[in-house]
Amino acid sequence: MKKITKTFLRPIRYSLGPLPPNSNPKSPRLLNGHLDSALLHMALRGAEAKFHDYDAAITACVERRSLRYGQRAHAHMIKARYRPSAYLATRLAILYAKCRDMGGARNVFDEMPERSIVAWTAVISGYAQMGSHGEALELFVRMLATGILPNEFTLATILTSCSGACKLDLGRQVHSIAIKTNFESHIFVGSSLLDMYAKSNNILEARKVFDFLPERDVVSCTAILSGYAQLGLDEEALQLFIELYKEGMHCNYVTFTSLLTALSGLSALDYGKQVHSFTYRHELPFYVVLENSLIDMYSKCGSLTYARRVFNKMPERSSVSWNTMIVGYGKHGLGDEVIQLFNLMLREVKPDRVTFMAVLSGCSHGGLVDEGLSIFDYMIKEKGLKPEIGHYGCVVDLLGRAGRIEKALDFIKSMPFEPTAAMWGSLLGACRVHINIPAGEFVAKRLLDIEPENAGNYVILSNIYASASRWQDVVDVRKLMMEKAVIKEPGRSWINLDKVIHTFYSSDRFHPKKGEIEAKIKEIYAKIKEAGFVPDLSCVLHDVDDEQKERMLLGHSEKLAITFGLMGTPRSFMLRITKNLRVCVDCHNFAKFVSMVYEREISLRDSNRFHLFVKGACSCGDYW
DNA sequence: GTAGGGTTAG
């Protein structure tokens, strides 16, 4: 005791300010030692404790993010009947807010006789960082009503809450405050502002803010990059990155994570590998988020082996790492691997709602119907998780795949949610595979009511009628589509060769190699027809003759991409094609025949899953 | 003293 007292009574030099420069900030023992001494000192001084004692203690607590010690210092103040100055009260509020104790922060804040902009900002930012954007906005509005103007800190914070709470209108008002207060071009405010616009789907406004920033740094560049990537404007994101990188942009792990999102969307394996080797060569410290992004990139680029290698090498994994890897196996139809990894995961990390979504959808793609159904039960009964609409959707898909369509319809009736277009869509696909016309008609009616603009739905219904030779009904579907004035999302497929993305649109009339591709596709068509390929004319919903329909089918973008790939690569080269929509029956069949006749492996990623065509068969087992 | 960008499902 004596020894401690001695250490302690060293004249005020113990002052807790910042830690001595040679101390290791990561050592909690040392730091807690300091905190202990500060608090003990306060205790010894009892009612004598002064501003400096409290200030020192709070400073140390903020640095250490130690709520426990902070509360003790606060309690000591109350016990000693010490009335903190506005400054000290602000610091206490900051401490609580940073330690995510918003109850504590509000107590201090509400009792403050006068509140500076710093106090307001600290509490608002506490709410924002906890994701309580509603509270943050409410407090901000109250602040304005009090007549206090925000500073650059407040603006940068509140803009994140505007996008977090999806309040674009409010965000625009904050923007005008930023203009009035002359903070629009402030680097923190600007990057928050452009992020707000990007997250609310206004990429052009985001770009305008970015272009007008007088200076750029790694955060503002990453914000605009991720803005493009998150909206699926992957090519624009890649172009912008290349541009900014040439101009000397700095990158950190967040930049690479955003870039990888865009590269995953593009299936740009070569670029993805380059990012990977860059982070590897520069010995960037280990970040789980970046590694997760790498796993996702590799699996979305069709390279599960690489994805698993990254996964295996991680010194620590989050649930996102496991989920991403499970999704990867699922999308490739590898049901056994999904189950295996899920079982391994249960030993290490707690599965969450996304895990079950991934496992259920993986079981469906892998044809593990009963396993999927029992995992749904397990999720509810053993794990006590309440299934969400997406989980119900996966079960509908599982039942449909097994041909238990009546059961799926009963299941939909028993749900506590309204069925979604995705559910009806998956069930319509099931009706096509299992040729169930009455159910198909029933499902299509509901689907076309809520999603009349999706041309793919009409095509599947047409396929269903065609498979039963009900040609008049095929014609009626076509008419129905004309009546509803369906606007087709243009089909687009692409293939990456030597870091060049070759994109093809349906009936591409402008491709520079149009002539060569046309000649080659005619050759392919003749060869596969010889091998038994029959075009599925029910995939065309235009009112034209059969010959014209055949020509239109040959114009489908994935066929053009496959043809282009065959032209420019050796036989051992696996063709990796990506499509923006679901693959149609005719193209699926086309790819099967090409894989057989040309002895070529084709990996086709559509909006739903991967299809691996080898020797005339597809890994999806013709169910998708 | 208070501040900005990031990964997985459908």
Side-chain angles (χ1 to χ4, degrees), chain A residues 55 58-59 62 86-95 97-98 115-126 128-129 150-160 163 183 186-196 198-199 206 210 213 217-227 229-230 251-261 264 287-297 299-300 317-328 330-331 352-362 364 388-394 396-397 420-423 425-426 607-608:
Chain A
D55 189 40
I58 294 170
T59 304
V62 170
Y87 174 83
L88 209 53
T90 304
R91 304 221 49 206
L92 257 179
I94 293 168
L95 171 65
K98 288 207 180 220
R115 304 180 184 106
S116 65
I117 182 65
V118 178
W120 283 98
T121 308
V123 181
I124 290 172
S125 143
Q129 286 184 6
N151 65 11
E152 66 273 38
F153 290 78
T154 331
L155 291 171
T157 306
I158 203 63
L159 285 164
T160 65
S163 55
F183 285 124
H186 184 279
I187 185 97
F188 278 47
V189 178
S191 44
S192 211
L193 194 55
L194 77 87
D195 188 59
M196 187 270 297
K199 288 211 169 87
F210 178 74
L213 280 181
D217 67 357
V218 60
V219 177
S220 51
C221 290
T222 307
I224 188 72
L225 185 68
S226 86
Q230 284 173 357
C251 304
N252 62 17
Y253 83 102
V254 185
T255 324
F256 288 126
T257 302
S258 300
L259 178 60
L260 284 169
T261 303
S264 304
Y287 287 111
V288 173
V289 177
L290 177 60
E291 305 279 318
N292 293 346
S293 218
L294 281 168
I295 298 175
D296 188 51
M297 180 276 295
S299 73
K300 286 199 175 134
R317 305 182 187 101
S318 65
S319 61
V320 177
S321 327
W322 290 90
N323 295 349
T324 311
M325 197 66 234
I326 291 175
V327 169
K331 291 243 174 204
D352 55 26
R353 38 192 275 281
V354 180
T355 314
F356 282 101
M357 199 90 89
V359 174
L360 291 172
S361 130
S364 187
E388 294 167 19
I389 195 151
H391 298 112
Y392 282 98
C394 291
V396 170
D397 201 47
T420 61
M423 268 179 207
S426 99
S607 57
N608 216 15

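Each chain gets a letter, A, B and so on, in the order the sequences are listed, and its residues count up from 1.
A donor-acceptor contact closer than 3.5 angstrom is absent between the side chains of Thr90(A) and Arg115(A). No side-chain donor-acceptor contact under 3.5 Å links Thr324(A) and Asp296(A). With 3.5 Å as the limit, one finds no donor-acceptor pair spanning the side chains of Thr157(A) and Ser125(A). Side-chain contact check for Thr355(A) and Asp352(A): at least one donor-acceptor pair (N or O, by modelled atom type) lies under 3.5 Å.
If you check every strand for non-hydrogen atoms under 4.0 Å, Val218(A) touches a base. Heavy atoms of Gln129(A) sit under 4.0 angstrom from primed sugar atoms or phosphate atoms, though from no base atom. Base engagement by His186(A) is indicated by at least one non-hydrogen atom pair under 4.0 Å involving a base atom. Residue contacts shown for Tyr287(A) are absent, as no nucleic acid heavy atom lies under 4.0 Å away. Among the atoms of the strands shown, base atoms are found under 4.0 Å from some heavy atom of Asn252(A). Using a 4.0 Å heavy-atom distance criterion, Leu155(A) is classed as making no nucleic acid contact. Looking at heavy-atom distances under 4.0 Å, Thr324(A) makes contact with sugar-phosphate atoms alone, never a base. Residue Thr255(A) is in base contact, counting any heavy-atom pair closer than 4.0 Å across all strands shown. Residue-level contact check: Ser220(A) touches the bases, meaning some heavy atom is under 4.0 Å from a base atom. Backbone-only engagement by Ser192(A) is indicated by non-hydrogen atom pairs under 4.0 Å involving sugar-phosphate atoms exclusively. At the heavy-atom level, Thr121(A) lies under 4.0 Å from base atoms of the strands shown.
Every residue two or more places apart in sequence or in another chain that forms a side-chain contact (heavy atoms from CB on, under 4.5 Å) with Ala198(A) is listed here: Ile203(A), Ala206(A).
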* Decide yes or no on side-chain hydrogen bond (donor to acceptor under 3.5 Å, both in side chains) for Ser192(A) and Asp195(A), but give the supporting numbers first. => CA-CA 5 Å; Ser192(A) 211; Asp195(A) 188 59; over 6 Å; no

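Protein chain A touches strand DNA chain B; the 5'-most and 3'-most nucleotides with an atom under 4.0 angstrom of its non-hydrogen atoms are dG1(B) to dG10(B).
Relative orientation of the Tyr287(A) and Tyr253(A) rings is parallel, given thresholds of 30° and 60° on the angle between their planes.
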